Amino acid sequence: MVASSAAPASSSAAPACRGMAPAGIPTIDMSAPAGRAELSGQMVEAFAERGFFKAVNHGVPPRVSARLDAASAAFFARPAHEKQEAGPPDPLGYGSRSIGSHGDVGELEYLILHTDPEVVARKARAIDRDDPSRFSEAVNVYVQAVRHLACQILDLLGEGLGLRDPASLSRLVTTTDSDSLVRINNYPPSAASDGGVKAASSVGFGEHSDPQILSVLRANDVDGLQVLLPDGRGEDAWVQVPADPAAFFINVGDLLQALTNGKLVSIRHRVMASTSKPRLSAIYFAAPALHECISALPETVTAAAPRRYRPFTWAEYKKTMYTLRLSHNRLDLFKVILVGDVGEGAGEDRSRI
Ligand SMILES: C=C1C[C@]23C[C@@]1(O)CC[C@H]2[C@@]12CC[C@H](O)[C@@](C)(C(=O)O1)[C@H]2[C@@H]3C(=O)O
Ligand SMILES: O=C(O)CCC(=O)C(=O)O
Ligand SMILES: [Fe+2]
């Protein structure tokens with residue numbers, strides 16, 4: 001059994017909020033007290049039904065996260081003109097309020113970095129002028145630890161899904177030319193907060209799914225993350241994910257949904273800002289190499305579950321995603337249309353089989 005807890009999203013958060021979903025936040029103990037087969041089964045279940053889970057006893061040393069938090073907080077505390085030297089986000093680098101290049105805005109500032117240590121070292125020169133290696137080492141050590149966690153999870157998924165080659169998912173991420181990113185977000189205390197009395201929330205980071213394979217998120221003790229879950233009455237509802245700085249929140253990205261032919265679902269999430277304390281988060285986005293072809297794993301394609309998405313490369317998917325708004329359901333553009341299918345979007349440029 002996967003332990004589960006839930007908190008309702010604040011009713012003032014957004015019109016889409018329709019109270020609390022019946023089932024909540026799946027929590028998985030990575031130390032596998034009930035054995036590896038049970039653990040891999042729990043993960044597949046959580047990802048198939050919810051698209052995410054909270055990982056506890058994950059093995060990432062607290063000092064590794066604390067070191068990244070300290071290096072990030074030191075950067076965000078710098079004067080605006082100094083931070084701008086690490087920007088603009090093109091799409092990597094420092095950014096403030098503006099997300100992507102299609103008009104999305106949020107109440108945050110951020111750094112998006114490629115995880116290649118050499119790229120981090122180059123960027124660190126503009127991030128920590130006094131001691132660039134202080135920043136780059138904190139990031140590199142953190143990335144190593146969370147990549148290891150991501151790969152453990154992908155191997156367990158490979159086993160739980162009954163793949164002939166269970167390590168095939170983690171290999172997509174460990175390749176030297178992997179396009180994985182790390183993003184560090186700083187949500188300043190919200191104008192919506194008023195001396196501890198909660199007023200209407202403002203959008204910190206708008207609704208979206210993550211495009212990569214897997215996202216590994218950790219934040220400080222400030223709430224804000226919400227996930228869109230079925231409410232059991234045929235609708236979706238925003239569910240507040242209570243902050244837990246000792247845990248990691250793991251979510252399925254669009255590529256993992258495509259690789260598993262829709263069995264694992266890429267979850268829609270957002271951050272609402274309404275606190276008097278800054279929220280600091282770091283997300284590792286595990287991605288394949290740009291040339292990697294993303295195609296449903298053969299074990300997930302059956303007569304009852306025909307191929308849902310046409311094969312595409314990560315480079316092709318990325319190019320498309322950067323032309324779209326944050327909230328766009330971009331994986332839909334890669335859907336295969338079965339002959340006889342009619343309905344929304346059937347006239348768009350999609351494959352037919
Ligand atoms: C509006 C956008 C921002 C984003 C690129 C995009 O065009 C659509 C996907 C967005 C997203 C969401 C998850 C990650 O935070 C991110 C880094 C990513 O890979 O896809 C962001 C992109 C971004 O901020 O550049
Ligand atoms: O900052 C957070 O907690 C989540 C942000 C997020 O979803 C993202 O950066 O993709
Ligand atoms: Fe996200």
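Remember, it's a predicted structure, so these values are computed and weren't measured experimentally.
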Q: Thinking salt bridges, do Asp179 and Lys318 make one under a 4.0 Å N-O criterion?
A: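 So Asp179 pairs with Lys318 through a salt bridge.
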
Q: Please determine whether a side-chain nitrogen of the Lys or Arg among Glu109 and Arg97 lies less than 4.0 Å from a carboxylate oxygen of the Asp or Glu.
A: no

Q: Scan residues 303-324 for pairs that pass ring pair (Phe, Tyr, Trp, His ring centres under 6.0 Å), counting only residues two or more places apart or in two chains.
A: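 Sorted pair list: Phe312-Tyr317, Phe312-Phe334, Tyr317-Phe334.
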
Q: Do the side chains of Arg218 and Asp69 get close enough for a salt bridge, i.e. N-O under 4.0 angstrom?
A: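 Yes.
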
Q: Output the distance between atom CD (Glu292) and atom CD (Glu316), rounded to the nearest 0.5 Å.
A: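 Reported value, rounded in 0.5 Å steps: 13.5 Å.
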
Q: Is the backbone of Pro278 close enough, under 3.5 Å, to the side chain of Asn220 for a donor and an acceptor to pair up by distance?
A: yes

Q: Does the ring-ring contact (aromatic ring centres under 6.0 Å, His included) test come out yes or no for Phe52 and Phe47, once each step is laid out?
A: CA-CA 5 Å; Phe52 88 115; Phe47 275 174; 8.7 Å; no

Q: Please check if any side-chain donor atom of Ser295 sits under 3.5 Å from a side-chain acceptor atom of Arg307, or the reverse.
A: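 Indeed, the side chains of Ser295 and Arg307 share at least one donor-acceptor pair under 3.5 Å.
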
Q: Could you give me the CA-CA distance, side-chain angles and deciding distance for Val203 and Glu107, then say whether side chain to side chain contact (heavy atoms under 4.5 Å, CB included) is met?
A: CA-CA 6 Å; Val203 176; Glu107 292 304 318; over 6 Å; no

Q: Does a side-chain heavy-atom distance below 4.5 Å link Pro288 with Leu255?
A: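 In contact.
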
Q: Among pairs that include at least one residue of residues 110-135, which meet ring pair (Phe, Tyr, Trp, His ring centres under 6.0 Å), considering only residues two or more places apart or in two chains?
A: none

Q: Is there a side-chain contact between Leu169 and Leu259, using heavy atoms and a 4.5 Å cut-off?
A: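 Side chain of Leu169 against side chain of Leu259, heavy atoms only: contact under 4.5 Å found.
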
Q: Counting distance only, does the side-chain N/O of Arg183 pair as donor-acceptor with the main-chain N or O of Ile112 below 3.5 Å?
A: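 It does not hold such a pair.
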
Q: If only atom types and distance count, is the side chain of Ser178 paired as donor or acceptor with the main-chain N or O of Thr174 below 3.5 Å?
A: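 Such a contact is absent between Ser178 side chain and Thr174 backbone.
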
Q: Write down the atom of Ile294, the atom of Ala258, and the distance for their closest heavy-atom approach.
A: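 It is CG2-CB, 4.0 Å.
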
Q: Given Leu108 and Asn186, is the side chain to side chain contact (heavy atoms under 4.5 Å, CB included) satisfied, shown in steps?
A: CA-CA 6 Å; Leu108 84 165; Asn186 181 44; over 6 Å; no

Q: Answer with yes or no whether the side chains of Asp104 and His208 bring together a donor and an acceptor at under 3.5 Å.
A: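 The answer is no; no qualifying pair exists.
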
Q: Is any side-chain heavy atom of Ile184 closer than 4.5 Å to a side-chain heavy atom of Ile283?
A: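 Counting from C-beta outward, Ile184 and Ile283 never come under 4.5 Å.
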
Q: Has Thr115 got a side-chain atom pairing as donor or acceptor with Ser180's backbone, closer than 3.5 angstrom?
A: yes

Q: Holding to salt bridge (Lys or Arg N to Asp or Glu O under 4.0 Å), I want the full list of residues that pass it with Arg308, two or more places apart in sequence or in another chain.
A: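 Counting only residues at least two positions away or on another chain, Arg308 forms no salt bridge (Lys or Arg N to Asp or Glu O under 4.0 Å).
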
Q: Between Asn261 (side chain) and Thr300 (backbone), is there a donor-acceptor pair under 3.5 Å?
A: yes

Q: State whether a side-chain donor-acceptor pair under 3.5 Å links Thr27 with Asp29.
A: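 No, no side-chain donor-acceptor pair sits under 3.5 Å.
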
Q: For the pair His269 (side chain) and Ile267 (backbone), establish whether a donor and an acceptor sit closer than 3.5 Å, ignoring hydrogens and angles.
A: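 Indeed, once roles are kept as given, a pair shorter than 3.5 Å links the two residues.
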
Q: Return yes if some donor-acceptor pair links the side-chain N/O of Gln257 with the main-chain N/O of Ser266 below 3.5 Å, else return no.
A: yes

Q: Has Thr175 got a side-chain atom pairing as donor or acceptor with Leu172's backbone, closer than 3.5 angstrom?
A: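 Flag not set: sc Thr175 to bb Leu172 has no pair under 3.5 Å.
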
Q: Hey, does Ser133 have a side-chain heavy atom less than 4.5 Å from the side chain of Asp131?
A: yes

Q: Can you sort out the partners of Asp165 under salt bridge (Lys or Arg N to Asp or Glu O under 4.0 Å), two or more places apart, ordered by chain and number?
A: Arg171

Q: Whether the side chain of Arg310 engages the backbone of Lys335 through a donor-acceptor N/O pair (distance < 3.5 Å, no angle test) should be reported.
A: no

Q: Less than 4.5 Å apart, side chain to side chain, heavy atoms only: is that true for Gln226 and Val241?
A: no

Q: Do NZ/NE/NH1/NH2 and the carboxylate oxygens of Arg129 and Glu85 come within less than 4.0 Å?
A: yes

Q: Could you walk me through whether Phe205 and Leu225 satisfy the side chain to side chain contact (heavy atoms under 4.5 Å, CB included) test, starting with their C-alpha distance in whole Å, then the side-chain angles of each, then the deciding distance to 0.1 Å, before giving a yes or no?
A: CA-CA 9 Å; Phe205 200 114; Leu225 181 65; over 6 Å; no

Q: Which residues satisfy the ring pair (Phe, Tyr, Trp, His ring centres under 6.0 Å) test with Phe75, sequence neighbours excluded?
A: Tyr94

Q: For the side chain of Arg270 and the backbone of Gly224, is there at least one donor-acceptor N/O pair under 3.5 Å apart?
A: no

Q: Regarding Arg78 and Asp128, does a basic nitrogen lie under 4.0 Å from an acidic carboxylate oxygen?
A: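 Salt bridge between Arg78 and Asp128, a charged N being under 4.0 Å from a carboxylate O: yes.
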
Q: Which pair of non-hydrogen atoms, one from Leu111 and one from Ala86, has the smallest distance, and what is that distance?
A: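 For Leu111 versus Ala86, the nearest heavy atoms are CD2-CB, 4.4 Å.
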
Q: Once ring pair (Phe, Tyr, Trp, His ring centres under 6.0 Å) is applied, do any residues pair with Tyr187, and if so which ones, sequence neighbours excluded?
A: none

Q: Would you call Val60 and Met30 a side-chain contact if the rule is heavy atoms closer than 4.5 Å?
A: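 SC-SC contact between Val60 and Met30 ruled out.
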
